[in-house]
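Order of appearance sets the numbers: ligands from 1, and atoms from 1 within every ligand.
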Amino acid sequence: MSDATRAPLREEVDVVVVGAGFGGLYMAYKAREKGLSVQGFERGDDVGGTWYWNRYPGARCDIESMQYSYAFDPELEQEWDWSERYATQPEILSYIDHVAKRYDLRRHFAFETAVTGATFDEATSRWRVRTDKGDEVIARYIVLATGCLSTTNLPAIKGIESFKGPIYHTGAWPKEGVDFTGLRVGVIGTGSSAIQSIPLMAEQAKHLTVFQRTPNYSIPAHNRPWTEEERRDTKANYRQIRANAMTKPFAFDSFSTDAEATKSTPQEIRAAFQRAWDDGGLGYMNTFADLLLVPEANKMAADFVREKIEGLVDDPDLAKKLMPSHTVGCKRLCVDTNYYATFNRDNVTLVDLRETPIEEITAEGVRTAAGLVPCDAIVSATGFDAMTGTINRIDIKGRGGERLRDHWADGARAYLGLGVAGFPNLFMITGPGSPSVLTNMLVSIQHHVDWIANAVSYLDDRQIANIEPTTEAENAWVKEVQEIADTTLFPSCGSWYTGSNIEGKPKVFAAYVGFPPYAEKCADVEAKGYDGFRLTPRTQAAE
Ligand code: N01
C-alpha cells in the first residue's frame, strides 16, 4: 500500500517529529495547522507505527474501533466506517493510510530513516538531530512520538542464534505474512500478542507448541461486525462519547460503577462478572470499583476467570496450568477469540516452563528440562522494552551534554510524561509518567499533541526561547506517579509496566493511574503559564 518515498529534507525547521504512528502524524498535522515547519522521521517504510510493525495473525486493537480513532475532525469521524467491534491490524493501518492521504501528511516524513541522536545547543536554543542516513536537521523543538511499545524484546536464550529455521517476533512481523502450513511451530510467551495469534497459528500449523512461563488472564472479545444502527448512533453521538471518555480513568467510554465487590452479595458478584464476561473485553476491569484497589475484590475477579478456564479446557490438568495466580490487571489484561479452547486441539501442546524451563535453543528446536521440542519455526511473542526502550536507543544530549539515558539510569523521570528537566524544548507524546498505556491511546495521544501545540503557540507569542521542567517539578511528579500507583494493585507483580520484563532495567511503574485527574493537572499547568516549567525569554537565552 505504500506510496511513500523519501521526501526532500528540510535543513532547519520549527519541529522535528520522530515517528509516523498515530502520535507523529497528528503532531505533524497540528504543527502545520499552527504554521510551524515540520520534518518528520520514521524508521518504517510507511506510516502506521505500532500498526505497521505488529502484523502477526490475529492482531487487533483491544479498544473498540469507534473509540480507537481520531476525534480532531468531525468530518473524518463521519466519513470512516469501522467494520467490527475490534478492528484488525489491516483495517487500522488502512485508516491511518486514509488519514495520511486525506491530510497530506506523508510529505512531512522521511521514511526508512531512524533518528540516532539529538543534541541541544545551548547557545542557539536549537536541537541538532541526526539520522542513520547521515542527515542533520536543526530544529527549535523535538517531539518524540516513538510509541510506548516499539522496541522488541528478543530474550537472550542460550543458543538462539543456532536455530536453523526462522524466528519471528510478533512486533516485527514480515510484511508479506508467514505461512505455517505443515510446520511445527514453537511460540514463546503468553501475553496479548501470543494470546491473539495462537488460535490462528494453531489452525494453520501442523503442530503448535506454546512455551508458557506465566499464564495470563484473558477475557473473550465477543468480536462482531457493527450493525448499521450502532454505527449511525455512534456517529450521531460522537461528541458526547468523546467527552465521556475524558471522564473515565482509562479514557474510554464504557460501563462504570461505584459498586464494590467487597460490599456486594455473592449473587450480585457472580451476576456482575458474568455480565462483563458476556459483554467481553477490557470492561471486565470495570465490573467493580475496588477491583484494582482491594486484594479480596481482585481475587474474586481472578477466581471467576479461573473457573471459566476450567470450563473451557477439557483436560483438568492442562486447565490448571493455564490458570494464572497473579493479581488480575497487574499484567495487562488480555482479550481473545478462542484462546483457552485452542488448547483442546490435538495439534496444540502446552509446555509449562515453571516445571520444565527452557535450557537452550538448538538448531532443531527448543530444549527444555524435559527434552527437545523439534520446531521448524519459532515465534517470539516476548514483548517489548516498553516506555523507554526506543527513546534510550537515541543518543539524546541536553544541557551540559547530559545524556537522557543517564538521566534515566535509575528509571525514567519526566514531568507529566511530557518533558524532562535539563532537556529544553523536547516533548514526548505519551511519555513515562503519563497515563499512556493504561488508557485508550488515541485519547492520550491527542491530549498530548494538543497540549504541546498550545505550549508552542504560547512560547512563540511571548518570544520565549526555552521551556523545560524544573528539577523540583520533575522530582515531585515522579514521586506522585509512584504514590498513586502504590495505592492500586498495578505494581503488585512483575510486568512491562514496571520494566521487570527486561533484565537489568530499573523497576519503576511507568504510567500515571487515572486519566481525568491527569488531564486536570495538565490544564492547570497550562492555565498557570506552564507551572513547573522554567521558561527562558529569547533575550536571556541568547546571553
Ligand atoms: O508482550 P508481553 P506482548 N522465556 O510482555 C514471555 C500491547 N498489545 O507483545 O510473563 C519465556 O505482554 C512473558 O512471560 P512472563 C498490550 O499492551 C496490545 O504480548 O514474563 N517466556 C510473557 O508471557 C500488551 O500488554 C494488543 O513470565 C518469556 C510474554 O513473553 C503489550 O502490547 C495486542 C521470556 C510477553 O508478553 C505487550 O504484549 C498485543 C523468556 N525468556 C499487544 N521472555 C491489543 O491491543 C518473555 N517471555 C489486543
Find all atoms of ligand 1 within a distance of less than 4.0 Å from any non-hydrogen atom belonging to Gly189, and give their numbers and elements.
6 (C), 23 (O), 29 (C), 30 (O)
Which residue and heavy atom of the protein sit nearest atom 45 (O) of ligand 1, plus the separation:
Asp62 N, 3.1 Å
Quick note on ligand 1: atoms under 4.0 Å from a heavy atom of Leu353 include exactly 11 (C)
Would you check if there is a donor-acceptor pair between the side chains of Arg60 and Ser65 at a distance under 3.5 Å?
no
Between Phe211 and ligand 1, which part of the residue brings a heavy atom under 4.0 Å of the ligand: side chain, backbone, both or neither?
neither
Given Lys308, His326, Arg306, the one that forms side-chain hydrogen bond (donor to acceptor under 3.5 Å, both in side chains) with Tyr217
Arg306
Nearest option to atom 3 (P) of ligand 1, as decided by whichever heavy atom of Ser218, Ser193, Gly171 sits closest:
Ser193
Do the numbers put Arg345 on top of the ring of Phe343, so that NZ or CZ is under 6.0 Å from the six-membered ring centre and no more than 45° off the axis?
no
For Asp97, is there an ion pair with Lys101 - N to carboxylate O distance below 4.0 angstrom?
yes
If you take the nearest heavy atom of each of Gln196, Gln212, Met441, which one is closest to atom 48 (C) of ligand 1?
Gln196
Atom 40 (C) of ligand 1 [closest protein heavy-atom partner, distance rounded to 0.1 Å]
Arg213 NH1, 3.4 Å
Among protein heavy atoms, which sits nearest to atom 22 (C) of ligand 1, and what does the distance come to when rounded to 0.1 Å?
Thr190 N, 3.9 Å
In ligand 1, which numbered atoms sit nearer than 4.0 Å to a non-hydrogen atom of Pro155?
41 (N)
For Glu161, does the CD atom have more than 12 heavy-atom neighbours from other residues, nucleotides or ligands under 6.0 Å away?
yes
Would you call Lys175 and Asp45 a salt bridge, using N to O less than 4.0 angstrom?
yes
Is it true that Lys235 and Glu77 have a side-chain N and a carboxylate O under 4.0 angstrom from each other?
no
Can you tell me how the ring of Tyr26 sits relative to the ring of Tyr70, calling it parallel under 30°, perpendicular over 60° and tilted otherwise?
tilted
Who gets closest to atom 35 (C) of ligand 1 by heavy atom: Cys493, Ala381, Pro324?
Ala381
Please write down residue, atom name and distance for the protein heavy atom closest to atom 16 (C) of ligand 1.
Arg332 CD, 3.4 Å
Can Trp496 be said to touch ligand 1, with heavy atoms closer than 4.0 Å?
yes
Tell me which protein heavy atom sits closest to atom 33 (C) of ligand 1, plus the residue, atom name and distance to 0.1 Å.
Tyr56 OH, 3.2 Å
Salt bridge present between Arg102 and Asp73 (N-O < 4.0 angstrom):
yes
Nearest heavy-atom contact between Pro57 and Met201 is CG-CG, 3.9 Å
Please indicate whether any nitrogen or oxygen in Asn153 is less than 3.5 Å from any nitrogen or oxygen in ligand 1.
no
For Glu360, is there an ion pair with Arg367 - N to carboxylate O distance below 4.0 angstrom?
yes
Any atom of ligand 1 sitting under 4.0 Å from a heavy atom of Leu149?
yes
State plainly whether the residues Asp317 and Lys321 are in salt-bridge range, i.e. N to O under 4.0 Å.
no
Between Ser254 and Asn286, do the side chains contain a donor N or O and an acceptor N or O under 3.5 Å apart?
yes
Could an N or O of ligand 1 be found under 3.5 Å from any N or O of Arg60, whether backbone or side chain?
yes
Considering only protein heavy atoms, which is closest to atom 18 (C) of ligand 1, and at what distance to one decimal place?
Ser192 CB, 4.2 Å
Among His326, Gln89, Lys331, which one has a heavy atom closest to atom 10 (O) of ligand 1?
Lys331
Out of all atoms in ligand 1, which are within 4.0 Å of some heavy atom of Cys61? Include the element for each.
45 (O)
Which protein heavy atom lies closest to atom 11 (C) of ligand 1, and at what distance to 0.1 Å?
Ile188 CG2, 3.5 Å
So which protein heavy atom does atom 1 (O) of ligand 1 come closest to, and at what separation?
Gly383 CA, 3.1 Å
